[in-house]
Undergrad: 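Got a structure here, written out as structure tokens. Questions coming.
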Amino acid sequence: VLLSACSGGGSTSSENAAEGGGSGETVTLKVGHTLADTSHYQEGMVKFQELVTEKTGGSVEIEVFPNGSLGGERDMIEGLGVGSVDMVLTSTGPMSGFVPEVTVVDLPFLFRDEEHAHKVLDGEIGTELGKKVEDTMGVKTLAWWENGFRNVTTASTAIEKPEDLKGIKIRTMESDIHMDSFSAMGAQPTPMAFTELFTALQQGTIDAEENPVPVIMTSRFYEVQDHLTMTRHFYNPSLLLMSQSKFDALTPEQQTAIEEAAKEAGVYERQVVQDMEKQYIEELKGNGMQVIENPDLEPFKAAVQSVYEKYEPQFGKELIDEIRNTQ
Ligand code: PAF
């Protein structure tokens, strides 16, 4: 469903355009994400572009930069403050360096399924976490989107139980919880920006990685990884963030349009993730991956209990229980 998404390097009038929010000129906003132009992020972005055009009568234009062409997620989050990018779609992993409170949602095996996660993120807890991001970083939280449930891939070892991860050098996101979880499962976590990952796997400097199925497929990790185990160990939500100054420079009507479009496109994007997951497991097999679809997850859950012991004092047991008990 790719329309006019820009692959980078296009001209933009965002510096002066956002200032002219009420002046009748077209405002162009640059959005960056790290995934391929065949990914769920990009499909969501194309929908967002269409909705923003429709809802603003064309007075706001969204220019999309996929493939990390504006930098890795951490770089782009920093870029919101200095104006190198106007909006970023980022998973919560790198947020641990900015707003650690928000990463409560990154705890391993916290969510039962997508529906559970959506209930929490679209409800009071998600709104509060979004506000925390706004208060701490001075950026606008537009909506919760989705990267998906993460699964382990490896070059040569099939992972059936946590012991199989022993000593395996696995790339993780730059997230303390992600690293602690893999240490608890016996692996050697190596944090790295996504933009460096394919080459690291290809050169064998790391053995393994973990990502949702749509990422594994659209980033062609099947070319450098032979095994996939559907561990679904972290649910990985994404945040659509916007520079507060760019948001404030828009007219109230444009602001409402952007907020509505972000939420509607997020609902669409989440569906794309689920459709892609179903379809791409088969395609990954077709591309030569050995897939363990229904591993026994109980030993993996038991292995990460120490992560809860470590983080409960930081996030509060009450909040963790409230998330767990959301029906
Ligand atoms: O593995 C990651 O870094 C994330 O899953 C990604 C691909 C950047 C999407 O947010």
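Atoms within a ligand are numbered from 1 in the order they appear, just like the ligands themselves. In what follows, every heavy atom counts, from backbone to side chain, and hydrogens, waters and symmetry copies are set aside. Since the model is a prediction, treat every value here as computed from it, not as a measurement.
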Undergrad: Should you measure from each heavy atom of Ser91, which atoms of ligand 1 turn up under 4.0 Å away?
TA: 10 (O)
Undergrad: What are the atoms of ligand 1, with element, lying closer than 4.0 Å to any heavy atom of Arg150?
TA: 1 (O), 2 (C), 4 (C), 5 (O)
Undergrad: So, regarding Thr34 and ligand 1 (criterion: nitrogen or oxygen to nitrogen or oxygen, under 3.5 Å), is there a contact or not?
TA: no
Undergrad: Checking Phe182 against His233 for the ring-ring contact (aromatic ring centres under 6.0 Å, His included) test, could you report, in this order, the C-alpha distance in whole Å, the side-chain angles of both residues, the deciding distance, and whether it holds?
TA: CA-CA 10 Å; Phe182 277 98; His233 50 275; 5.1 Å; yes
Undergrad: Write out all pairs satisfying salt bridge (Lys or Arg N to Asp or Glu O under 4.0 Å) with one or both partners inside residues 66-76, taking only residues at least two apart or from two chains.
TA: Arg74-Glu174
Undergrad: Under a 3.5 Å threshold, yes or no: a donor from one side chain and an acceptor from the other, between Gln254 and Ser59?
TA: yes
Undergrad: List the closest protein heavy-atom neighbour of atom 2 (C) of ligand 1: residue, atom name, distance to the nearest 0.1 Å.
TA: Arg171 NH1, 3.5 Å
Undergrad: For ligand 1, does Glu73 get within less than 4.0 Å through its side chain, its backbone, both, or neither, judged by non-hydrogen atoms?
TA: side chain
Undergrad: Taking distance alone, with N or O pairs closer than 3.5 Å, would you say Asn147 contacts ligand 1?
TA: yes
Undergrad: Please work out, at 4.0 Å between heavy atoms, whether the side chain, the backbone, both, or neither of Asn211 comes within that distance of ligand 1.
TA: side chain
Undergrad: Check this for me, if you would: do Glu223 and Arg220 make a salt bridge, where the nitrogen-to-carboxylate-oxygen distance has to be below 4.0 angstrom?
TA: yes
Undergrad: Which of the atoms in ligand 1, numbered in the order shown and given with their element, are less than 4.0 Å from a heavy-atom of Leu35?
TA: 7 (C)
Undergrad: Is the CZ atom of Arg112 crowded by more than 12 outside heavy atoms at less than 6.0 Å?
TA: yes
Undergrad: Are Asp180 and Lys310 close enough for a salt bridge, meaning some N to O gap below 4.0 Å?
TA: yes
Undergrad: Applying a 4.0 Å heavy-atom criterion (strictly less than), which segment of Glu196 is in contact with ligand 1: side chain, backbone, both, or neither?
TA: neither
Undergrad: Do ligand 1 and Tyr41 have nitrogen or oxygen atoms that lie under 3.5 Å from each other?
TA: yes
Undergrad: Side chain, backbone, both or neither: which part of His33 comes within less than 4.0 Å of ligand 1 when only heavy atoms are counted?
TA: neither
Undergrad: Can you name the residues that form a side chain to side chain donor-acceptor pair (under 3.5 Å) with Gln271, not counting sequence neighbours?
TA: Asp275
Undergrad: So His178 and Phe234, would you call those rings parallel, tilted or perpendicular, with 30° and 60° as cut-offs?
TA: parallel
